[in-house]
K.L.:
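First the structure, then my questions, so here it is.
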Amino acid sequence: IQQIVTIFVGLKKKNNLQHLDSMKRIIAPSVLSADFGNLNRDMEMLQRSQAEWVHVDVMDGVFVPNISFGFPLMKPLRKGTDKVLDVHLMITAPEKYVTRFVEAGADSVTFHYEATENIEECIDLIRKAGAKVGISIKPGTEPEVLDKWLEKIDMVLVMSVEPGFGGQKFMPSSIAKCEYLTKKKQELGLSDLIIEVDGGISAANSRLLFDAGAEALVAGSSVFGAPDPEQAIIDMLNS
Ligand code: DX5
Ligand code: ZN
């Protein structure tokens, strides 16, 4: 009996480990916090770094109370890296622009659940244009609203700050949302669905989010504000 118990425990451990092994850890530095006067230098740093994605925050001054940048910046970003360009649209009526962002070089386009009545149209347009599809929810939006869309998309972006500005304080309520989405992924067998979290993330909280099932973490000020940005990325990956 002891032998059987040992084998069983061994199998269980192995399964748990396999689960952990299959989890990805991706850091997506947000160029919103880069120095636009030294964009080439910052892009070279990202290119050398362990970051797999580059996060691109587009704001229209309507959906959020801030304006960042749009199509003209896509060109130098696409030229500056062969990493995944992860475009986060904080704009109203994203269906009007998603195709152009894919044409401009986006590998994934994430739009906000709260920004459109035409979710299905957005999903279809992004797919048709050939990019991965993400939907983002603001801190006040419950993840249940995405239940019916999870099977149709590649990624959920959980905001852990109110969208609009870099450098804000992390909201821990995002952790329970990751746990909910991780449970949903398991229930629905959607192991490829990526949970990404955005806002106030550093090596001080990255571990909590990875443990809750997040696989991609956006980090702006904690990377570009660090004395050694490449090391800041490594610290989050090793947290
Ligand atoms: C906020 C943006 C974030 C932001 C993150 O609206 O979506 O991507 O740049 O910046 P930090 O990491 O400084 O909170
Ligand atoms: Zn973002």
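Both ligands and their constituent atoms are indexed starting at 1 by order of listing.
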K.L.:
On a heavy-atom basis, which atom in A216 and which in W53 lie closest, and how many Å separate them?
P.N.:
CB-CZ3, 3.6 Å

K.L.:
If the plane angle is over 60° it's perpendicular, under 30° parallel, otherwise tilted; pick one for F36 and F69.
P.N.:
perpendicular

K.L.:
I need the atoms of ligand 1 closer than 4.0 Å to a non-hydrogen atom of V218, numbered in the order shown.
P.N.:
8 (O)

K.L.:
Please compare G220, S68, G167 and report which has the shortest non-hydrogen distance to atom 12 (O) of ligand 1.
P.N.:
G220

K.L.:
For residues I137 and P143, report the shortest heavy-atom separation together with the two atoms involved.
P.N.:
CD1-CA, 3.8 Å

K.L.:
Check each atom of ligand 1 against the heavy atoms of M59 and keep those under 4.0 Å away; list them by number with element.
P.N.:
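Those atoms are 6 (O).
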
K.L.:
Does N205 use its side chain to pair, donor to acceptor, with the backbone of S202 at less than 3.5 Å?
P.N.:
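Side chain of N205 to backbone of S202, a donor-acceptor pair under 3.5 Å: yes, one is there.
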
K.L.:
Are there over 12 heavy-atom neighbours, none belonging to Q50, within less than 6.0 Å of that residue's CD?
P.N.:
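No, CD of Q50 has 12 or fewer neighbouring heavy atoms, counting only those of other groups under 6.0 Å.
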
K.L.:
Identify the two heavy atoms, one from H55 and one from A28, that lie closest to each other, and give their separation to 0.1 Å.
P.N.:
CB-O, 3.6 Å

K.L.:
Just jot down the ligand 1 atoms closer than 4.0 angstrom to any heavy atom of G199, in number order.
P.N.:
14 (O)

K.L.:
Does atom CD of E187 have more than 12 heavy-atom neighbours, drawn from other residues, nucleotides or ligands, at distances under 6.0 Å?
P.N.:
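Yes, because the 6.0 Å sphere around CD of E187 holds more than 12 heavy atoms from other groups.
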
K.L.:
Return yes when atom NZ of K132 has more than 12 non-hydrogen atoms of other residues, nucleotides or ligands closer than 6.0 Å, and no otherwise.
P.N.:
no

K.L.:
Between S30 and ligand 1, which part of the residue brings a heavy atom under 4.0 Å of the ligand: side chain, backbone, both or neither?
P.N.:
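Within the 4.0 Å criterion, S30 contacts ligand 1 through side-chain atoms alone.
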
K.L.:
List the atom of K24, the atom of E215, and the distance in Å for their closest heavy-atom pair.
P.N.:
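Heavy atoms of K24 and E215 come nearest at N-OE2, 2.9 Å.
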
K.L.:
Enumerate the atoms of ligand 1 whose separation from the nearest heavy atom of H88 is less than 4.0 angstrom.
P.N.:
7 (O)

K.L.:
Closest N/O/S atom of D198 to the Zn ion (ligand 2), by atom name?
P.N.:
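Closest to the Zn ion (ligand 2) among those atoms: OD2.
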
K.L.:
Using every non-hydrogen atom in the two residues, find where M59 and N66 come nearest and quote the distance to one decimal.
P.N.:
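Closest approach of M59 to N66: CB-O, 3.2 Å.
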
K.L.:
Is there at least one pair of N or O atoms, one from M159 and one from ligand 1, spaced under 3.5 Å apart?
P.N.:
no

K.L.:
Among all protein heavy atoms in this structure, tell me which lies nearest to atom 1 (C) of ligand 1, with the distance rounded to 0.1 Å.
P.N.:
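Residue, atom and distance for the closest contact: F165 O, 3.6 Å.
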
K.L.:
Given D198, L32, L157, V31, which one has a non-hydrogen atom that is nearest to atom 8 (O) of ligand 1?
P.N.:
D198

K.L.:
Check each atom of ligand 1 against the heavy atoms of P163 and keep those under 4.0 Å away; list them by number with element.
P.N.:
6 (O)

K.L.:
Can you tell me which residue and heavy atom of the protein come closest to atom 6 (O) of ligand 1, and the distance to 0.1 Å?
P.N.:
G164 N, 2.7 Å

K.L.:
Using a 4.0 Å cut-off to any heavy atom of M90, which atoms of ligand 1 qualify?
P.N.:
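Near M90, the atoms of ligand 1 are 6 (O), 7 (O).
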
K.L.:
Which pair of non-hydrogen atoms, one from G200 and one from V161, has the smallest distance, and what is that distance?
P.N.:
N-CG1, 3.9 Å

K.L.:
Just to the nearest 10 degrees, tell me the angle at the Zn ion (ligand 2) spanned by D57 OD1 and H88 ND1.
P.N.:
90°

K.L.:
To check your reading of the model: name the closest protein heavy atom to atom 10 (O) of ligand 1, its residue, and the distance in Å.
P.N.:
G166 CA, 3.6 Å

K.L.:
Compute the shortest N/O to N/O distance between G200 and ligand 1 and return yes if it is under 3.5 Å, no if not.
P.N.:
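Yes.
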
K.L.:
For S221, take its heavy atoms, then give the atoms of ligand 1 lying under 4.0 Å from any of them.
P.N.:
11 (P), 12 (O), 13 (O)

K.L.:
Heavy-atom contacts with H55 under 4.0 Å: which atoms of ligand 1 show up? List them by number with element.
P.N.:
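Matching atoms, with element in brackets: 8 (O).
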
